[in-house]
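See structure below.
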Amino acid sequence: GKGQGDDDDDDDDDDDEPKYPCDICGEDMEIGLPNQIVDIPGQPAMTCAELQMLGDNGAFSPSTCRRLPSLVNSACGCNPPCSVCGEDMTVDYPDAIIEFPGQP
């Protein structure tokens, strides 16, 4: 039922939200700066590599996992693993606001 099982062992929660690996940079992205320290809300400060280890161990819920790339992208130097893209293809500001005509 809803609201139950929050305090129980993790075993009980597998029906709702199975643990699954999370790529902190986003799918198919590589951490360019594994030793950079990132400060994620609700987590102690740690390196990008340590954060990825948590992700690998299923420490993040799917909703948190979807938010992680925008939080760590610039800090961790997330890049698509693409040797032919050239250096200028890195997205430095994934959260930059793009104006669309007719939108506020």
Distance col, row Asn79:CG vs Met29:CE, nearest 0.5 angstrom, shows 6.5 Å
Spell out, as yes or no, whether a donor-acceptor pair under 3.5 Å connects the side chain of Gln36 to the backbone of Ala49.
-> no
For the atom pair CD (Gln43) and CG (Leu54), what is the distance rounded to the nearest 0.5 Å?
-> 6.0 Å
Single-linkage hydrophobic cluster, 4.5 Å side-chain cutoff, Leu68 and Leu33 together = no
Nearest 0.5 Å, what's the OG-CZ distance between Ser61 and Arg67?
-> 7.0 Å
Asp28 and Asp23: which non-hydrogen atoms are nearest, and at how many Å?
-> N-OD2, 4.4 Å
Identified side chain to side chain contact (heavy atoms under 4.5 Å, CB included) counterpart of Arg66 within the set Ser70, Pro69, Pro62 | Pro62
Straight-line distance of Met53 CE to Cys48 SG, nearest 0.5 Å | 13.5 Å
What are the two closest non-hydrogen atoms of Gln52 and Ile24, and how far apart are they?
-> OE1-N, 3.1 Å
Over all heavy atoms of both residues, which pair between Pro34 and Thr47 is shortest? Give the atoms and the distance, please.
-> O-CB, 3.4 Å
Nearest heavy-atom contact between Phe60 and Cys65 is CB-N, 4.4 Å
Using only the SG atoms, establish whether Cys76 and Cys25 come within less than 2.5 Å of one another.
-> no
Heavy-atom nearest pair, Val38 first then Leu51, reads CG2-CD2, 3.9 Å
